[in-house]
K.L.:
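Can you keep this structure in mind? I'll have questions shortly.
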Amino acid sequence: GEDVEQSLFLSVREGDSSVINCTYTDSSSTYLYWYKQEPGAGLQLLTYIFSNMDMKQDQRLTVLLNKKDKHLSLRIADTQTGDSAIYFCAETQGSNTGKLIFGQGTTLQVKP
Amino acid sequence: DTGVSQNPRHKITKRGQNVTFRCDPISEHNRLYWYRQTLGQGPEFLTYFQNEAQLEKSRLLSDRFSAERPKGSFSTLEIQRTEQGDSAMYLCASSLAPPQISYEQYFGPGTRLTVT
């Protein structure tokens with residue numbers, strides 16, 4: 001079946017690192033994605049990782065993929081108040097459709 | 001190109017009325033997706049097009065829902081005989097198709113539907 005799970009809430013202090021975790025079920029997923037959603041807004045693509053990679057770094061963002069455990073994480077270094085938002089991980093269903101299956105989102109609260 | 005646009009941004013309608021939403025994708029993107037998002041949940045896939053062909057529809061998409069992309073550019077999503085359970089944010093996204101295989105989907109701001 002298709003299922004993507006995330007913890008619902010994370011609170012950190014400004015300047016700390018944040019780690020948002022996600023587990024997925026579709027072993028044939030080709031790509032995994034992280035999106036950010038601010039209140040009342042659409043989804044902003046932050047980064048993605050190809051399923052044959054273990055890690056991808058993009059400025060303050062580091063994505064780690066453990067394909068054996070079907071575990072994905074997003075680390076945000078030096079978290080800022082502007083990073084406060086809901087973060088969604090998503091997997092492609094199968095290898096061809098591009099259809100995304102989303103988790104329910106992790107609300108990141110950054111305290112000054 | 002300014003990205004994916006959706007109109008209207010907000011729609012309030014009475015139960016039983018029909019509504020239509022429009023999505024204009026990024027101009028060079030040949031894939032277009034519709035998702036629905038309810039409060040506290042992640043987006044759920046509804047349907048997608050490659051050019052003008054509708055390639056997949058979710059089981060969530062009842063017979064009251066229909067989507068079109070007649071010329072392979074903009075798309076419309078129509079809901080007939082709306083019900084209160086249809087209240088949600090309707091999101092549109094676009095991407096390139098294979099051989100561009102990363103399927104990076106770029107989302108519009110959404111249309112928030114409220115059925116009273």
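Order of the sequence lines sets the chain letters (A, B, ...), proteins ahead of strands, with each chain counted from 1.
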K.L.:
Indicate, with yes or no, if Phe74(B) and Tyr90(B) share a hydrophobic cluster defined by side-chain heavy-atom contacts under 4.5 Å among Ile, Leu, Val, Met, Phe, Trp and Tyr.
P.N.:
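As far as the 4.5 Å side-chain criterion goes, Phe74(B) and Tyr90(B) are not connected within one cluster.
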K.L.:
When rounded to the nearest 0.5 angstrom, what is the spacing between CZ in Phe107(B) and CD in Gln44(A)?
P.N.:
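The distance works out to 12.5 Å.
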K.L.:
For Leu43(A), is it the side chain, the backbone, both, or neither that has a heavy atom closer than 4.5 Å to a heavy atom of chain B?
P.N.:
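Both backbone and side chain.
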K.L.:
Sort Arg112(B) into side chain, backbone, both or neither according to what part of it lies under 4.5 angstrom from a heavy atom of chain A.
P.N.:
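For Arg112(B), there is no contact with chain A at all, as no heavy atom is under 4.5 Å.
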K.L.:
Counting only heavy atoms closer than 4.5 Å, note whether Glu56(B) contacts chain A via side chain, backbone, both or neither.
P.N.:
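Contact with chain A is through the side chain of Glu56(B) alone.
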K.L.:
Quick check on side-chain contact (heavy atoms from CB on, under 4.5 Å): which of Tyr48(A), Tyr35(A), Tyr33(A) does Gln105(B) satisfy it with?
P.N.:
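In the set Tyr48(A), Tyr35(A), Tyr33(A), the residue that makes a side-chain contact (heavy atoms from CB on, under 4.5 Å) with Gln105(B) is Tyr35(A).
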K.L.:
Roughly how far, to the nearest 0.5 Å, is CD of Gln37(A) from CE of Met89(B)?
P.N.:
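Reported value, rounded in 0.5 Å steps: 7.0 Å.
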K.L.:
Using the rule that Ile, Leu, Val, Met, Phe, Trp and Tyr join whenever any side-chain heavy atoms are under 4.5 Å apart, tell me whether Leu32(A) and Phe50(A) fall into a single cluster.
P.N.:
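Looking at the clustering, Phe50(A) is in the same group as Leu32(A).
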K.L.:
Select one option (side chain, backbone, both, neither) describing which atoms of Gln37(B) are under 4.5 Å from chain A's heavy atoms.
P.N.:
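For Gln37(B), side-chain heavy atoms alone lie under 4.5 Å from chain A.
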K.L.:
For the CG atom on Leu61(A), are there more than 12 heavy atoms of other groups (residues, nucleotides or ligands in this structure) within a distance under 6.0 Å?
P.N.:
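Yes.
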K.L.:
Only one of Phe45(B), Tyr33(B), Tyr35(B), Tyr48(B) forms a side-chain contact (heavy atoms from CB on, under 4.5 Å) with Leu100(A), so which one is it?
P.N.:
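For Leu100(A), the side-chain contact (heavy atoms from CB on, under 4.5 Å) test succeeds with only one of Phe45(B), Tyr33(B), Tyr35(B), Tyr48(B), which is Tyr35(B).
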K.L.:
Give a yes or no on whether Val110(A) and Leu10(A) share a hydrophobic cluster (residues Ile, Leu, Val, Met, Phe, Trp, Tyr; joining criterion: side-chain heavy atoms under 4.5 Å apart).
P.N.:
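Yes, because Val110(A) and Leu10(A) connect within a single hydrophobic cluster, where side-chain heavy atoms sit under 4.5 Å apart.
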K.L.:
Quick one: do Leu46(A) and Leu64(A) end up in the same hydrophobic cluster if we chain Ile, Leu, Val, Met, Phe, Trp and Tyr together by side-chain heavy atoms under 4.5 Å apart?
P.N.:
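Each belongs to a different hydrophobic cluster.
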K.L.:
Cluster question for you: counting only ILVMFWY and a side-chain heavy-atom cut-off of under 4.5 Å, with indirect links fine, are Leu45(A) and Trp34(A) together?
P.N.:
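Leu45(A) and Trp34(A): one cluster.
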